[in-house]
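Quick notes on the structure that follows.
Every chain is numbered from 1, with letters handed out A, B, ... down the list of sequences.
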There are 2 protein chains.
Amino acid sequence: MSSYKHKKVISIGTVNELTGLSLRQIRYYEERILIYPERTKRGTRKYSFSDVETLLQIADKREEGVQTYEIRKDLQSSNKGKVMERMLRGQLNAHFRMNK
Amino acid sequence: MSSYKHKKVISIGTVNELTGLSLRQIRYYEERILIYPERTKRGTRKYSFSDVETLLQIADKREEGVQTYEIRKDLQSSNKGKVMERMLRGQLNAHFRMNK
DNA sequence: CGTGTAAGGAATTCTGACACG
DNA sequence: CGTGTAAGGAATTCTGACACG
């Protein structure tokens, strides 16, 4: 759950190299609540590999002309999908434990 | 193989927070060839989660009073172990493929 | 040997704003 | 709406060196 993929350790300049997005764009997508970087005590943003993946998805959508508002909805529903999946898996595990 | 664990994206300040080691120590262990950060075009060091794990091991050894030279040998032999393991696994896979 | 520190320079990141459209 | 840019300040990182032991 709290694996390397989700640890916030990448600075914005590196995210720029990884995604090809400008610093302005990366900050703007945060402003539009599409990503959630953490802040160090000093205030610099830190991103996870998961954030980088999301940014890559955002870049694709933007190229198709999709607006940030729509992209946010898409991201949220795909997240809802993951949560549902996790809940179902939990139910399944409980079921099989009972019949083990 | 080239997963998130081995991608060099963490700057030295973040490694310091993750490991508790001083910048001086982190740089010194590189000088002693215990870790291998990459460099950006500008020259700043970038570390992977794998490097962070190695640094944690180094810190433990150092507390026991082990010298960097000895630690390097330990790290190399444990790496040799991993390589051997990978080779064996390759052999096993080949074997079972033949008898599938 | 391993680590601290002061030194000076170069690149990074931050915010708020103006611009274009 | 989405993105570029110039602006000024603050913190980061780098290297080579002196210090202690």
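The distance between atom CD1 of A/Ile26 and atom P of D/dT3, rounded to the nearest whole Å, is 11 Å. Atom-to-atom, CG of A/Leu34 to C1' of D/dG2 comes out at 12 Å; the value is rounded to the nearest Å. Here the P atom of nucleotide D/dG16 and the OH atom of B/Tyr28 are 16 Å apart, to the nearest Å. At whole-Å resolution of the value, CD in B/Glu30 and P in C/dG2 are 15 Å apart.
Atom CD of A/Gln57 sits about 6.0 Å away from atom CG of A/Leu75, to the nearest 0.5 Å. Note: B/Phe49 CZ to B/Lys8 NZ = 12.5 Å, rounded to the nearest 0.5 Å.
Aromatic ring centroids of A/Tyr4 and B/Tyr4 lie 6.0 Å or more apart.
Here A/Glu38 pairs with nothing under the salt bridge (charged side-chain N to carboxylate O under 4.0 Å, His left out) rule; sequence neighbours left out.
Regarding contacts with the backbone of D/dG2, every side-chain N or O of A/Tyr29 stays at 4.0 angstrom or more from both OP1 and OP2.
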| remark: Readout for nucleotides 4-14 of chain D: B = base within 4.0 Å of protein heavy atom, S = sugar-phosphate only, - = neither; 5' to 3' it is BB----BS-BB

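Paired runs in DNA chain D that reach 3 or more consecutive Watson-Crick or G-U pairs, where each pair keeps both distances under 3.5 Å, cover C:2-5 with D:17-20, C:17-20 with D:2-5.
Checked options B/Thr19, B/Thr68, B/Ile71, B/Leu21; the residue passing with B/Ile58 is B/Ile71 (criterion: side-chain contact (heavy atoms from CB on, under 4.5 Å)).
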| field | From CA spacing to verdict: side chain to side chain contact (heavy atoms under 4.5 Å, CB included), A/Lys41, B/Glu17 | value | CA-CA 11 Å; A/Lys41 49 237 59 170; B/Glu17 289 175 6; 3.4 Å; yes

| task | Kindly determine whether A/Tyr69 and A/Arg72 satisfy side chain to side chain contact (heavy atoms under 4.5 Å, CB included), including the steps that lead there. | result | CA-CA 5 Å; A/Tyr69 174 70; A/Arg72 175 166 60 237; 3.4 Å; yes

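Side-chain polar atoms of B/Thr54 and B/Asp51 form no donor-acceptor pair below 3.5 angstrom.
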